[in-house]
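A short worksheet on the structure shown next.
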Amino acid sequence: MKTKAVFFVALFCVLNFVSFSVSASDEPAADDQQMTKKEFQIALDALKERAENLKEAKKHALTQAEKKAFREEIKDVKKETRELKQQASGGIYIGGGALLVIVLLLILL
């Protein structure tokens, strides 16, 4: 009996750190902002290339002010990349533990 309880507690802890993507439909929305996978990959590759160029330029910068400017630009590129990925995903993320609680509540009710 004790091993069962330990197993369920361990299972709950493991599922608490897993996230699942849930979307209303598999079809892309008819928004103008929705982009295809190819457009997303092109935009992502461009941002990655820009970040690499900025990192190389930062290495060759002579003054602290130049290095700081490059750091700020790199942060902006990373922020744009996060926004691009978030826009392309279009889903809601639910943790495994939360999903387990929701399913148990649905079963009980």
Side-chain angles (χ1 to χ4, degrees):
M1 184 69 175
K2 189 174 185 178
T3 58
K4 242 185 202 182
V6 170
F7 173 75
F8 283 118
V9 168
L11 181 67
F12 181 75
C13 289
V14 168
L15 288 177
N16 209 11
F17 295 110
V18 178
S19 64
F20 300 99
S21 176
V22 178
S23 181
S25 68
D26 291 335
E27 299 174 13
D31 293 344
D32 293 334
Q33 295 179 344
Q34 188 71 21
M35 57 176 42
T36 63
K37 288 182 181 181
K38 190 174 185 178
E39 291 172 342
F40 169 74
Q41 194 61 40
I42 291 170
L44 189 63
D45 289 340
L47 286 173
K48 284 182 181 179
E49 184 178 333
R50 183 173 168 212
E52 290 298 322
N53 290 339
L54 287 171
K55 286 179 185 177
E56 285 297 319
K58 180 182 161 193
K59 288 180 184 177
H60 301 299
L62 299 176
T63 64
Q64 288 292 351
E66 289 176 347
K67 289 182 180 182
K68 185 177 181 179
F70 283 125
R71 266 197 310 267
E72 292 298 321
E73 285 187 56
I74 290 171
K75 285 181 185 178
D76 291 340
V77 169
K78 287 182 179 181
K79 183 179 176 184
E80 288 177 33
T81 304
R82 269 187 258 120
E83 289 173 359
L84 181 66
K85 287 180 179 179
Q86 185 179 18
Q87 180 185 7
S89 69
I92 300 171
Y93 294 96
I94 300 175
L99 185 64
L100 183 64
V101 169
I102 291 169
V103 169
L104 288 174
L105 286 174
L106 287 174
I107 290 172
L108 292 174
L109 296 176

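The shown structure was predicted, so the numbers you read here are calculated from the model rather than taken from an experiment. Computation of the quantities below employed the complete heavy-atom set of this structure, encompassing side-chain atoms and omitting hydrogens, waters and symmetry-equivalent molecules.
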Listed partners of Glu72 passing side chain to side chain donor-acceptor pair (under 3.5 Å), at least two apart: none
With sequence neighbours excluded, residues passing salt bridge (Lys or Arg N to Asp or Glu O under 4.0 Å) with Glu80: Arg50
Set of residues satisfying salt bridge (Lys or Arg N to Asp or Glu O under 4.0 Å) with respect to Arg71, sequence neighbours excluded: none
Lys48: side chain to side chain contact (heavy atoms under 4.5 Å, CB included) partners, not counting sequence neighbours: Leu44
Which residues share a salt bridge (Lys or Arg N to Asp or Glu O under 4.0 Å) with Glu83, sequence neighbours left out: none
Gap separating the CD1 atom of Ile42 from the CG atom of Leu47, nearest 0.5 angstrom: 12.5 Å
Partner residues of Lys38 under the salt bridge (Lys or Arg N to Asp or Glu O under 4.0 Å) criterion, sequence neighbours left out: none
Side-chain donor-acceptor pairs of residues 59-67 under 3.5 Å, sequence neighbours excluded:
unit_1: Thr63; atom_1: OG1; unit_2: Glu66; atom_2: N; d: 3.2
unit_1: Glu66; atom_1: OE1; unit_2: Leu62; atom_2: N; d: 3.0

Pair Phe40-Lys85, side chain to side chain contact (heavy atoms under 4.5 Å, CB included): steps then yes or no: CA-CA 8 Å; Phe40 169 74; Lys85 287 180 179 179; 4.1 Å; yes
Under 4.5 Å side-chain linkage, directly or through intermediates, the cluster mates of Leu106: Ile102
